[in-house]
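Here the structure is laid out as structure tokens; the discussion comes afterwards.
In what follows, chains carry the letters A, B, and so on, assigned in the order in which the sequence lines appear, proteins first and then strands, with residues in each chain numbered from 1. As a basis for the values below, the full set of heavy atoms in this structure was taken, side chains included, without hydrogen atoms, waters or symmetry mates.
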2 protein chains.
Amino acid sequence: MLISTKGRYALRILVDMAEHQTENYITLQEVAQRQDISEKYLESIVRELVKKGIVAGQRGKGGGYRLCAPPEKINVGDVLRTTEGSLAPVACLSEGAAPCSRAAQCRTLDFWRGLNEVIERYTGGFTIADMMRKGPDGDDYII
Amino acid sequence: MLISTKGRYALRILVDMAEHQTENYITLQEVAQRQDISEKYLESIVRELVKKGIVAGQRGKGGGYRLCAPPEKINVGDVLRTTEGSLAPVACLSEGAAPCSRAAQCRTLDFWRGLNEVIERYTGGFTIADMMRKGPDGDDYII
DNA sequence: CTAATTCCTACTATACTACCAGAAAAATAT
DNA sequence: ATATTTTTCTGGTAGTATAGTAGGAATTAG
């Protein structure tokens with residue numbers, strides 16, 4: 001499994017926030033309820049997004065979170081790389097991985113590099129805006 | 001990480017066997033030594049490849065393993081799906097996964113489906129023959 | 001001051017990864 | 001028949017990662 005729930009939830013959080021943007025901050029409680037995800041778990045995920053500068057947090061009454069950029073500027077590859085650490089399909093292609101001593105003779109390395117590129121290219125070409133419901137108010141169309 | 005050592009080793013085993021094919025069976029000991037992988041661990045991986053019909057085992061003296069098809073007919077996607085169970089990037093796209101109750105409203109599902117397809121297409125377009133060294137005898141070119 | 005909210009540290013249960021050990025079963029050579 | 005070589009099978013284990021949970025400190029608004 002390339003992507004854990006952490007990465008999946010991160011995207012859902014960001015799409016949810018993008019669809020419910022106002023001038024005010026959005027609280028985690030709201031998001032957790034709408035998305036039906038444990039608030040405590042969301043907290044740990046959002047904190048990583050804050051660290052990476054994708055969302056900003058504001059403490060205290062009236063506080064919450066807001067996106068740091070418009071949804072069309074938030075790259076899905078960046079988000080997933082934040083939560084997952086790396087999107088590399090194999091360990092030897094992760095950034096900061098120890099170089100493999102067999103690399104020179106490795107018959108499979110080119111294959112893995114190609115797969116890595118395909119994944120990077122696909123995820124890098126998607127934004128949060130691409131995932132938003134394009135309807136008049138962002139709500140679901142219930143028949 | 002999409003692919004564990006199991007999947008990576010499986011490919012190395014198959015390429016190794018393809019490059020050292022004769023009329024005889026190839027023993028695990030040989031492969032393990034050449035690839036510098038624990039023989040016991042290889043055993044468990046190869047057994048899965050046998051079950052799937054990718055290689056065939058022969059017990060007893062003179063026994064070992066051989067490929068069931070020529071390398072150009074062994075699809076890398078099939079091999080990896082055997083060892084990894086599934087190549088789906090997220091759980092809800094694995095074959096046999098319980099259908100997600102949020103699927104109808106899911107903003108991210110199309111993204112995941114697209115990623116899944118990109119991965120399937122890439123891995124499905126590669127064979128063991130594509131990974132073999134094309135030199136005269138399959139050995140490494142040292143200098 | 002009080003309430004609401006993020007931020008931070010630490011813990012836990014479960015599952016998965018990457019193996020290892022030992023023996024049974026089968027085939028071959030002598 | 002016996003010894004030898006090989007796969008096949010069962011059952012472990014230490015370490016790491018996943019998916020959370022618990023509790024409280026820090027900060028801000030009213």
Side-chain angles (χ1 to χ4, degrees), chain A residues 1-10 12-13 17 23-33 35-68 80 83-86 88-92 94 97, chain B residues 1-10 12-13 17 23-33 35-68 80 83-86 88-92 94 97:
Chain A
M1 204 70 47
L2 183 63
I3 308 292
S4 64
T5 59
K6 221 158 126 182
R8 290 191 285 116
Y9 286 0
R12 282 170 59 186
I13 293 166
M17 287 177 67
E23 319 86 68
N24 301 321
Y25 286 95
I26 302 167
T27 67
L28 262 195
Q29 203 183 30
E30 285 177 64
V31 179
Q33 275 169 8
Q35 295 296 321
D36 194 30
I37 301 175
S38 143
E39 200 181 325
K40 273 295 186 185
Y41 192 32
L42 277 203
E43 202 187 288
S44 63
I45 296 169
V46 172
R47 219 174 30 247
E48 296 186 58
L49 299 176
V50 170
K51 251 189 237 163
K52 191 63 179 290
I54 295 169
V55 305
Q58 174 70 17
R59 295 204 256 198
K61 213 167 192 174
Y65 297 94
R66 64 175 169 71
L67 302 179
C68 288
L80 294 178
T83 58
E84 304 298 319
S86 164
V90 290
C92 62
S94 293
Chain B
M1 206 67 50
L2 183 64
I3 308 291
S4 62
T5 58
K6 220 159 128 183
R8 290 191 286 116
Y9 286 0
R12 281 171 59 186
I13 293 166
M17 287 178 67
E23 318 86 66
N24 301 321
Y25 286 94
I26 302 166
T27 67
L28 261 196
Q29 204 185 28
E30 285 178 64
V31 179
Q33 275 168 9
Q35 295 296 321
D36 195 29
I37 302 175
S38 141
E39 200 180 325
K40 273 295 186 185
Y41 192 32
L42 277 202
E43 199 187 290
S44 63
I45 296 170
V46 173
R47 219 175 28 246
E48 295 186 57
L49 299 177
V50 170
K51 252 189 234 165
K52 192 63 178 290
I54 294 169
V55 304
Q58 174 69 18
R59 295 202 253 199
K61 215 165 191 173
Y65 297 94
R66 62 174 170 72
L67 302 179
C68 288
L80 294 177
T83 58
E84 304 296 318
S86 164
V90 291
C92 62
S94 292

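What separates CG of A/Leu42 from P of C/dT6 is a distance of 10 Å, to the nearest Å. Taking atom OH of residue B/Tyr25 and atom C1' of nucleotide C/dT28, one finds them 13 Å apart after rounding to whole Å. Taking atom CD of residue A/Glu43 and atom P of nucleotide C/dT9, one finds them 12 Å apart after rounding to whole Å. Whole-Å rounding puts the B/Leu28 CG to C/dC20 P distance at 14 Å. One can place CD1 of B/Ile26 at 15 Å from C1' of D/dT7, the figure rounded to the nearest angstrom. Between the CD1 atom of B/Ile45 and the P atom of D/dC9 there is a distance of 16 Å, given to the nearest Å. What separates CD1 of A/Ile37 from C1' of D/dT18 is a distance of 15 Å, to the nearest Å. Here the C1' atom of nucleotide D/dT18 and the OH atom of A/Tyr9 are 11 Å apart, to the nearest Å.
Rounded to the nearest 0.5 angstrom, A/Ile3 CD1 and A/Glu84 CD are separated by 4.5 Å. The distance from atom CD of B/Glu30 to atom OH of B/Tyr65, rounded to the nearest 0.5 Å, is 12.5 Å. Taking CG from B/Asp36 and CZ from B/Arg12, the interatomic distance works out to 7.5 Å, rounded to the nearest 0.5 Å.
Residue B/Tyr65 places no side-chain N or O under 4.0 Å from the OP1 or OP2 atom of D/dT6. Contact annotation: A/Ser4 reaches the phosphate of D/dA19 (side-chain N/O to OP1 or OP2, under 4.0 Å). The phosphate of C/dA18 has OP1 or OP2 within less than 4.0 Å of a side-chain N or O from B/Thr5. Not one side-chain nitrogen or oxygen of A/Ser44 sits closer than 4.0 Å to the OP1 or OP2 atom of D/dG20.
Listed in residue order, the members of residues 55-64 of chain A having a heavy atom less than 4.0 Å from DNA chain D are A/Gln58, A/Arg59, A/Gly60, A/Lys61.
Minimum interatomic distance between B/Thr27 and B/Gly63 (heavy atoms only, all atoms of both residues): CG2-O, 3.6 Å. B/Val90 and A/Arg8 get closest at one heavy-atom pair: CG1-CD, 3.4 Å. Nearest heavy-atom pair across A/Ser86 and A/Ala88 is OG-N, 2.9 Å.
One cannot find a donor-acceptor pair under 3.5 Å joining the base of C/dC19 and the side-chain atoms of B/Glu39. At a cut-off of 3.5 angstrom, the base of D/dG23 holds at least one donor-acceptor pair with the side chain of A/Lys40.
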Test log, rule salt bridge (Lys or Arg N to Asp or Glu O under 4.0 Å), inputs A/Lys40 and A/Glu43: CA-CA 5 Å; A/Lys40 273 295 186 185; A/Glu43 202 187 288; 3.7 Å; yes
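When each of D/dA19, D/dT6, D/dT10 is scored by its nearest atom to the side-chain atoms of A/Tyr41, the top-ranked nucleotide is D/dA19.
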